[in-house]
Amino acid sequence: MNVRTRIAPSPTGDPHVGTAYMALFNWAFARHYGGQFLLRIEDTDTARSTPESEASIFAALQWLGLDWDEGPDVGGAAGPYRQSERREIYAQYAQQLVDREQAFYCFCTKERLDRVRSEQQAAKQTTRYDGCCLGLTADAVAQRVAAGEEHVIRMCVPDVGECTFEDELRGPVTIPFSQIDMQVLVKSDGMPTYHLAVVVDDHLMGITHILRGEEWLNSVPKHVLLYQYLDWPMPKLLHLPLLRNPDSSKLSKRKNPTSILYYRDEGFLPEALLNYLGMMGWSMPDESEIFTKAQMVKAFDEKRISVGGPIFDQAKLAWLNGQYLRQLSASEFIAQTQSWMFNQDRLSQLIPLVQERVEKFSDLAPLVDYLVGARKTLTPDNFLHKTLDRDANVKILHHTSALLDDLRHWEREAIFELCQDLAQALDLKFRDYLFPLFVAISGRGVSLPLFDSLIFLGPDLSRARIRGALDAFSVSGKERKRLDKSLVKVTALLSSGQ
RNA sequence: GUCCCCUUCGUCUAGAGGCCUAGGACUCCGGGUUUUCAUCCCGGCAACAGGGGUUCGACUCCCCUAGGGGACGCCA
């Protein structure tokens, strides 16, 4: 049997380490069995997908050295590999499902659905579409569609019975159909949802094994139904554990750096990151911990995957990276530091910031230390200020961090405006407001211009430093909740002000 | 709330009924090498969630409880 696996990221943000994790296992699986590994872009969310994000996913996977045999950039016989370019294909199957009464048109408004949902929640029932449009006659549907009424297509799901399917890592799993929603398959903008697109594409692209996150386990019955409706064979399913934050919740950028680019910019080697991800839920048969991706491919055995959720431990990753750095020859080390920071491109961004501030070359390093290296670890004392107290510092850091996390385009002007607006909303003088940010970014109250620094460091490092600065203050869960509430108010103020 | 998944040192893990006095790694703590530091070496702390079965024998199999996680979107 020719094995085919895929990684199917959604280009809606920074390339996530979870994506790298899944890519690694799918890649290793395919390579071990001599099959193909494909890259498919799941950009059916037109509001959130961006070409920049897609490009950064390519860049991140290439940096890691995970090569794909078919994909949007390299082509292949089963293309196109971008879901937004496959609309007609999905439409065709959606129509087939409607014709066979395995799916139906739904005209319910968002308002009605929200109402039904909250009623079900109040009654402590499973939230699920109530079947309102299920009984519509073909004529009625045709009329309403012709009249231009907005609609979606939903899949039919039995009310009773249960679905049992096989997960290769945990054995049979049974989920009652009463828990399964009549999932929307085609959105009102004509795009398929994940569930339709993934089934159609995996089949048409000949995917034999799906290795993906455990978060998908609950939606397998929807897919099983679709495969049955379409008369297609089920691929094998392997649901891998989710990477976790230190508090054991699902890995998230609010609690941990999650962007692959962060690890690149911080100075991790791709080999080390990959090696580390390879020991999350998997181990070499001889228990060795330092191994190359070629060794992993050779030894790969899905039976060795464990299903408990591993915590992504920065300390062990750092140790592992140290092992890799130490084994480099001096000339390799020079080459690596050059490609990391000391190259024409990076230096020409850096020098203009310092040229007019130095009198001797020896002034250079102290000025830029925090830009070419980690800033020092902070304590509350670093934030002592004539007007800002502890709580003010915490609030500024928390709110700025949250707003920057959601900022789509990392541009000087946008960041500047965001900060200015926030300072105003908090009723602070701009220069006072900026103080904790200077400390968070540079480790000092005075440094090179803040916004230039943010641009130079880039979104991933900047966000991590501001979030890290907050760790200097022990912020309790309770306080964090208060801060989140305060943030909601401030955000409301910001949007009303515009 | 409902459903699903998971559960070995603080963390990553080894362990497929006797090889377990539960092993390795990170972290932390000691000690050694080194002009300092780091590296490196040596040593130490530290776990089978709890309770019932099955079995001559259970970390390993089954059940219950507890805890953790996830899902419940016209997001993936």
Side-chain angles (χ1 to χ4, degrees), chain A residues 8-13 16 18-19 40-49 83 106-110 113-114 117 120-129 150-154 162-163 165 167 169-198 212-222 239-251 275-290 303-320 322-323 325-327:
Chain A
S10 173
T12 52
H16 199 276
T19 303
R40 181 173 72 223
I41 295 294
E42 308 224 323
D43 57 350
T44 53
D45 184 344
T46 47
R48 295 199 305 143
S49 297
Q83 290 185 330
C106 170
F107 299 89
C108 292
T109 60
K110 179 126 185 20
L113 294 172
D114 286 346
R117 196 169 296 137
Q120 287 171 333
Q121 256 159 13
K124 296 186 172 174
Q125 293 166 331
T126 303
T127 55
R128 191 170 185 261
Y129 181 66
E150 196 160 87
H151 60 272
V152 300
I153 295 175
R154 287 177 184 275
E162 53 191 33
C163 176
F165 59 93
D167 177 274
L169 301 180
R170 37 199 118 215
V173 176
T174 300
I175 299 175
F177 278 125
S178 60
Q179 292 297 317
I180 309 302
D181 199 7
M182 295 180 218
Q183 179 65 47
V184 171
L185 298 178
V186 178
K187 307 184 229 184
S188 56
D189 66 359
M191 277 290 195
T193 56
Y194 170 81
H195 302 280
L196 205 219
V198 79
R212 67 189 357 164
E214 192 183 351
E215 53 194 321
W216 295 109
L217 205 51
N218 281 293
S219 43
V220 172
K222 293 173 187 172
H239 289 91
L240 271 59
L242 259 23
L243 262 22
R244 312 282 188 94
N245 294 314
D247 69 358
S248 92
S249 56
K250 170 175 159 181
L251 195 66
N275 187 162
Y276 182 68
L277 291 174
M279 37 204 268
M280 301 273 88
W282 192 78
S283 58
M284 288 289 263
D286 66 354
E287 281 196 71
S288 58
E289 296 201 283
I290 299 181
K303 299 274 184 309
R304 293 191 68 79
I305 298 174
S306 55
V307 284
I311 290 172
F312 193 92
D313 181 15
Q314 299 286 336
K316 187 149 187 180
L317 171 60
W319 166 80
L320 190 62
Q323 297 293 312
L325 291 185
R326 264 168 241 130
Q327 76 185 26

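Note on naming: letters A, B, ... go to the chains in the order of the sequence lines (proteins, then strands), and numbering restarts at 1 for each one.
By the salt bridge (Lys or Arg N to Asp or Glu O under 4.0 Å) test, Arg244(A) is found to be paired with no residue, residues two or more places apart in sequence or in another chain being considered. Applying the salt bridge (Lys or Arg N to Asp or Glu O under 4.0 Å) rule to Asp45(A) yields the partners Arg48(A); only residues at least two apart in sequence or on another chain are considered. Taking the salt bridge (Lys or Arg N to Asp or Glu O under 4.0 Å) definition, one finds that Arg40(A) meets it with Glu42(A), Asp201(A), Asp202(A), sequence neighbours left out.
Across all strands shown, C72(B) is found opposite G1(B) as a Watson-Crick or G-U wobble partner, with both distances under 3.5 Å. Across all strands shown, C6(B) is found opposite G67(B) as a Watson-Crick or G-U wobble partner, with both distances under 3.5 Å. Both distances falling under 3.5 Å, in either a Watson-Crick or a G-U wobble arrangement, occur for no nucleotide opposite U60(B). Summarising the base pairing, G44(B) is matched to C28(B) through a Watson-Crick or G-U wobble pair whose two defining distances lie under 3.5 Å. Shown here, U54(B) forms no base pair; nothing in the strands shown gives a Watson-Crick or G-U wobble contact with both key distances under 3.5 Å. A 3.5 Å limit on both hydrogen-bonding distances identifies no Watson-Crick or G-U partner for U21(B).
Using a 4.0 Å heavy-atom criterion, one finds that Ser248(A) contacts the sugar-phosphate atoms exclusively. Note on Arg170(A): only backbone sugar-phosphate atoms sit closer than 4.0 angstrom, heavy atoms only; bases stay farther off. Heavy atoms of Cys108(A) sit under 4.0 angstrom from at least one base atom. As judged by a 4.0 angstrom heavy-atom cut-off over every strand, Val152(A) is placed among the base-contacting residues. Within the 4.0 angstrom heavy-atom criterion, no nucleotide atom of any strand lies near Arg212(A). As judged by a 4.0 angstrom heavy-atom cut-off over every strand, Gln323(A) is placed among residues touching the sugar-phosphate backbone only. As judged by a 4.0 angstrom heavy-atom cut-off over every strand, Thr44(A) is placed among residues touching the sugar-phosphate backbone only. Note on Ser288(A): nothing from the nucleic acid sits closer than 4.0 angstrom, heavy atoms only. Glu289(A) comes within contact range of at least one nucleobase, with a heavy-atom separation under 4.0 Å.
Where Ser249(A) and Thr174(A) meet RNA chain B, the nucleotide closest to each residue was compared, and Thr174(A) sits on the side nearer the 5' end. The 5' end of RNA chain B is approached more closely, in terms of each residue's nearest nucleotide, by Thr126(A) than by the other of Thr126(A) and Ser10(A).
Side-chain polar atoms of Gln179(A) and Thr126(A) form a donor-acceptor pair below 3.5 angstrom.
A 4.5 Å side-chain heavy-atom check between Phe312(A) and Leu317(A) finds at least one atom pair inside the cut-off. Tyr129(A) is listed as a side-chain neighbour of Cys106(A), based on a closest heavy-atom distance under 4.5 Å. Taking the side chain as every heavy atom from C-beta outward, Arg154(A) and Gln183(A) never approach each other to under 4.5 Å.
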I'd like a table of donor-acceptor pairs (distance under 3.5 Å, sequence neighbours excluded) in which one partner is a side-chain atom from residues 281-289 of chain A, with atom names and distances.
residue: Trp282(A); atom: NE1; partner: Asp301(A); partner atom: O; Å: 3.2
residue: Ser283(A); atom: OG; partner: Arg304(A); partner atom: NH2; Å: 3.0
residue: Asp286(A); atom: OD1; partner: Ser288(A); partner atom: N; Å: 2.9
residue: Asp286(A); atom: OD1; partner: Ser288(A); partner atom: OG; Å: 2.8
residue: Glu289(A); atom: OE2; partner: Lys316(A); partner atom: NZ; Å: 2.9

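Residues from residues 275-285 of chain A with heavy atoms under 4.0 angstrom of RNA chain B, sorted by number: Met279(A), Met280(A), Gly281(A), Ser283(A).
Along RNA chain B, read 5' to 3', the first and last nucleotides having any atom under 4.0 Å from a heavy atom of chain A are G1(B) to A76(B).
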Yes or no on side chain to side chain contact (heavy atoms under 4.5 Å, CB included) for Leu240(A) and Leu169(A), after CA distance, side-chain angles and deciding distance? CA-CA 8 Å; Leu240(A) 271 59; Leu169(A) 301 180; 4.1 Å; yes
